[in-house]
Amino acid sequence: MVVTRFAPSPTGSMHVGNARTAIFNYLFARHNNGKLILRIEDTDLERSTRENEEKLIEDLKWLGIEWDEGPFRQSERMSIYKEYAEKLVKEGKAFYCFCTDEELERKKIEAEAKGIPPHYDGTCRKLTDEEVRIKLENKIPYTIRFKVEPGDIEFDDLIKGNIVMKEGMFGDFVILRSNGMPVYNFAVVVDDALMGVTHVIRAEEHLSNTARQILIYRALGFNTPYFSHTPLILANDGSKLSKRHGATSVAEYRQKGYLPEALFNYLALLGFTPESGKEKLSKDEIIKEFDIKRISKSPSKFDINKLNWLNSEYIKEIDRDVLLKKLKLFLDKSYFCNYDKNTLDRILILSSGGIQYFEQINDNVKIFFDDSFNLSDEYLKNNQSLIKLFYNKVSSINNINKDMWKEIVKEIGKELSLKGKELFMPVRVITTGQEHGPDIYEVLDILGKDRVLKRIERFIR
RNA sequence: GCUCCCAUCGUCUAGUCCGGUCUAGGACACCGGGUUUUCAUCCCGGCAACAGGGGUUCAAAUCCCCUUGGGAGUGCCA
């Protein structure tokens, strides 16, 4: 059976790149009727928090990524890592290292100065059993380092193809820290092996770690899983996606009013194209079509335009009642007081046309609330005849309904011989202050005669 | 420095494995037009790419080499 896993570290809110990795693991597992394990990699005590872990899980659930086992926490599996690390020491595949940070730092700088690779120089590897015993007895802090044996490391990556790592790219590396915590490369291998993970799907930044991990798999006598390294998601300018490029976390998109289905759809198709070529697919459709071989080898840039388009497509499909509920979740509280429920609903539906994400409703709705917008003197001067005519007509009629508004605008068009944009644009501008907006008759009808008059009388010169 | 990965329109990509069907297809964005006497929607059209150079071959976006450019790793971070 296929077993995949998503193994984030709880050091911040979930990044879209991370989310996509989760999505790929999920899709692969579901496509193959396998299972997905959630594992929290919290061995970095300084940066991992329970709060972040909860946020992570919230984001995952929101996106609709269900896992089958876990969450497991590495911090709760300490004894296991220690046991395996010591097993390696016993078998002569790893060794205790008593070098201090300062010594290592110094040697590294020296090596760099000489132009040789800044790898561990093997000092403690040569220690005799007796020397080790004495240091241990004296309670000198130690780490456990893995003995890297010479030889190239070769493996097949399901996305990248055959990879050959030349020997000598790293020295004997730490697998267990002096505080007893395992290091990422070690904990991952132990966990993936013990949890029966068959397919490791993760970001490309881990590609070179894979060599180290394969060495550990072999030393421990475990079979290596299939590896798949997905290319990174970059910002629009080709650099690493970071805060200065706008929203980068799943939570931010949720807060702006993107739909989880849309973000899922977008992210799944960033670097992956279904054979059908469809762009808008449901989760089930993507699961059906998912094929790891069709994941691109090259990095992709995060394109907010396409996400916006996709999201708007999803919004268009929402039923009126559900849409209203959603819109109200994102509507500023201050907008709830001026209208009765039915009118507010009408305003919301009217204003929702063309929005790409729910937060935008707040901008669209403004024309129904702001009676004191200003227009330039020049504009007013150029449109005085229309303003006066409109004002007189409106004030002379009682009980104006939607059809009546239509009639009024029509008459103005006739009398001033204006049509199309020439006619509607100024009507819209003098009554709402905006050049664009929803159906103008609807807007005027909601505003009502009195408010419309009040708005225009300020512009009569 | 060393190791590894990557390279098709502005963006996501199809095509690359198994060379001819590619005067390189689709989508987003953008521009233009139509519908709506306005807005949104919708419809139609346009713009626009095989990074460069060498090979191999009757034939190369597709195979090989080099260059250039981008990215990752080289931690008691993950």
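Every chain is numbered from 1 and lettered A, B, ... according to where its sequence line falls, protein lines coming before strand lines. The analysis underlying the following values was restricted to heavy atoms, covering all of them including side chains, and did not include hydrogens, waters or symmetry mates.
Note on A:Lys160: every side-chain N or O is 4.0 Å or more away from OP1 and OP2 of B:rC5. Within the 4.0 Å cut-off from OP1 or OP2 of B:rC12, not a single side-chain nitrogen or oxygen of A:Lys301 is found. Distances shorter than 4.0 Å separate some side-chain N or O of A:Thr273 from OP1 or OP2 on B:rA14. Within the structure, a side-chain polar atom (N or O) of A:Lys316 is placed less than 4.0 Å from OP1 or OP2 of B:rC42. In terms of phosphate contacts, A:Lys421 brings a side-chain nitrogen or oxygen within less than 4.0 Å of OP1 or OP2 of B:rC39.
Nearest-nucleotide positions on RNA chain B place A:Phe272 closer to the 5' end than the other of A:Gly277 and A:Phe272. Between A:Gln74 and A:Pro438, the residue whose closest nucleotide on RNA chain B is further toward the 5' end is A:Pro438.
A:Lys293 places its NZ atom 16 Å from the P atom of B:rC17, with the value rounded to the nearest Å. Rounding to whole angstrom units, CD of residue A:Glu205 and C1' of B:rA72 are separated by 8 Å. Between A:Leu56 atom CG and B:rA78 atom P the separation is 16 Å, expressed in whole Å. If you measure from atom CG of A:Asp172 to atom P of B:rG75, you get 12 Å, rounded to the nearest angstrom. For the pair A:Arg212 CZ and B:rU74 P, the computed distance is 6 Å after rounding to whole Å. When rounded to the nearest whole Å, the span between CD1 of A:Ile153 and P of B:rU74 equals 15 Å. Rounded to whole angstrom, the span from the CZ atom of A:Arg346 across to the P atom of B:rA40 amounts to 20 Å. Between A:Asp157 atom CG and B:rC6 atom C1' there is a gap of 13 Å when expressed in whole angstrom units.
Distance from the side chain of A:Leu232 is smallest to B:rA72 among B:rA72, B:rC12, B:rC76. Looking at the side chain of A:Thr143, the nearest of the listed nucleotides B:rC39, B:rC4, B:rC76 is B:rC76. Checked against B:rU37, B:rC39, B:rU13, the side chain of A:Ser296 finds its nearest nucleotide in B:rU13. For A:Met165, whose side chain is taken as the heavy atoms from C-beta onward, the closest listed nucleotide among B:rG73, B:rC76, B:rU3 is B:rU3. The side chain of A:Phe424 approaches B:rU38 more closely than any other nucleotide in the set B:rC39, B:rA78, B:rU38. Across B:rA29, B:rC12, B:rU38, the shortest atom-to-atom separation from the side chain of A:Trp309 is found for B:rA29. Comparing B:rG1, B:rC39, B:rC6 against the side chain of A:His436 picks out B:rC39 as the nearest. Residue A:Asn185 has its side chain nearest to B:rA78 when only B:rU3, B:rA78, B:rC76 are considered. Closest contact between the side chain of A:Asn305 and the listed nucleotides B:rA78, B:rC28, B:rC5 involves B:rC28. Here the nucleotide nearest the side chain of A:Lys166, chosen from B:rC76, B:rU3, B:rA27, is B:rU3.
The same atom, C1', is picked in B:rU57 and in B:rG75; the two are 50 Å apart, to the nearest Å. Taking atom C1' on both nucleotides, B:rU16 is separated from B:rG25 by 15 Å, rounded to a whole Å. Taking atom P in both B:rG33 and B:rC39, the straight-line distance is 13 Å, to the nearest Å. Rounded to the nearest Å, the gap between the P atom of B:rC63 and that of B:rG70 is 24 Å. Nucleotides B:rG45 and B:rU67 have their C1' atoms positioned 41 Å apart, rounded to a whole Å. B:rA48 sits 25 Å from B:rC42 when the C1' atoms are compared, rounded to a whole Å. Spacing of P atoms, B:rG20 relative to B:rA61, comes out at 10 Å, to the nearest Å. As rounded to the nearest Å, B:rU37 and B:rG32 have P atoms that lie 23 Å from one another.
A:Tyr184 and A:His206 have their aromatic ring centers within a separation under 6.0 angstrom. Aromatic ring centroids of A:Phe272 and A:Phe290 lie under 6.0 Å apart. With ring centers used as reference points, A:Phe170 lies 6.0 Å or more from A:His119.
Counting any heavy atom pair closer than 4.0 Å across all strands shown, A:Arg294 reaches sugar-phosphate atoms only and no base atom. Residue A:Gly161 is classed as having no contact, given no heavy-atom separation below 4.0 Å to the nucleic acid. Using a 4.0 Å heavy-atom cutoff across all strands shown, A:Lys410 reaches at least one base atom of the nucleic acid. A:Thr11 comes within 4.0 angstrom of nothing in the nucleic acid, heavy atoms only. Within 4.0 Å of A:His229, counting heavy atoms only, lies no atom of the nucleic acid at all. Using a 4.0 Å heavy-atom distance criterion, A:Asn209 is classed as a base contact. Nucleic acid contact class of A:Val427 (heavy atoms, under 4.0 Å, all strands): none. Among the protein residues, A:Asp439 comes within range of the nucleic acid bases, having at least one heavy atom under 4.0 Å from a base atom. At a threshold of 4.0 angstrom between heavy atoms, the contacts of A:Ile163 are confined to the sugar-phosphate backbone, with no base atom among them. Looking at heavy-atom distances under 4.0 Å, A:Asn308 makes no contact with the nucleic acid at all. Contacts of A:Glu279 with the nucleic acid, taken as non-hydrogen atoms under 4.0 Å apart, include base atoms. Across all strands shown, A:Tyr184 has heavy atoms under 4.0 Å from base atoms, whether or not it also approaches the sugar-phosphate. A:Leu269 comes within 4.0 angstrom of the backbone, heavy atoms only, and of no base.
Partner assigned to B:rC18 is none, using Watson-Crick or G-U wobble distances below 3.5 angstrom. The base-pairing partner of B:rU35, taking Watson-Crick or G-U wobble contacts with both distances under 3.5 Å, does not exist among the strands shown. In this structure B:rA29 sits in no base pair that meets the Watson-Crick or G-U test at under 3.5 Å. Across all strands shown, B:rU74 is found opposite B:rG1 as a Watson-Crick or G-U wobble partner, with both distances under 3.5 Å.
Side-chain to base pairing of A:Lys297 with B:rA7: no donor and acceptor N or O lie closer than 3.5 Å to each other. A:Ser178 contributes a side-chain N or O that forms a donor-acceptor pair with the base of B:rC76 under 3.5 Å.
A cation-pi arrangement is present between A:Arg145 and A:Tyr120, with the terminal nitrogen or guanidinium carbon under 6.0 Å from the aromatic centre and inside a 45° cone about the axis. With a 6.0 Å cutoff to the six-membered ring centre and a 45° limit on the axis angle, A:Lys135 counts as a cation-pi contact of A:Phe98. Note that A:Lys93 lies outside the cation-pi zone of A:Phe146, set by a 6.0 Å cut-off to the ring centre and a 45° limit from the axis.
Between A:Asp192 and A:Arg39 there is a salt bridge, with a side-chain nitrogen of the basic residue lying less than 4.0 Å from a carboxylate oxygen of the acidic one.
With no hydrogens or angles considered, a side-chain donor-acceptor pair links A:Thr210 and A:Arg202 at under 3.5 Å. Inspection of the A:Asn18 and A:Thr21 side chains reveals no N or O donor paired with an N or O acceptor under 3.5 Å. Judged by distance alone, the side chains of A:Asn308 and A:Tyr258 do bring a donor and an acceptor atom under 3.5 Å apart.
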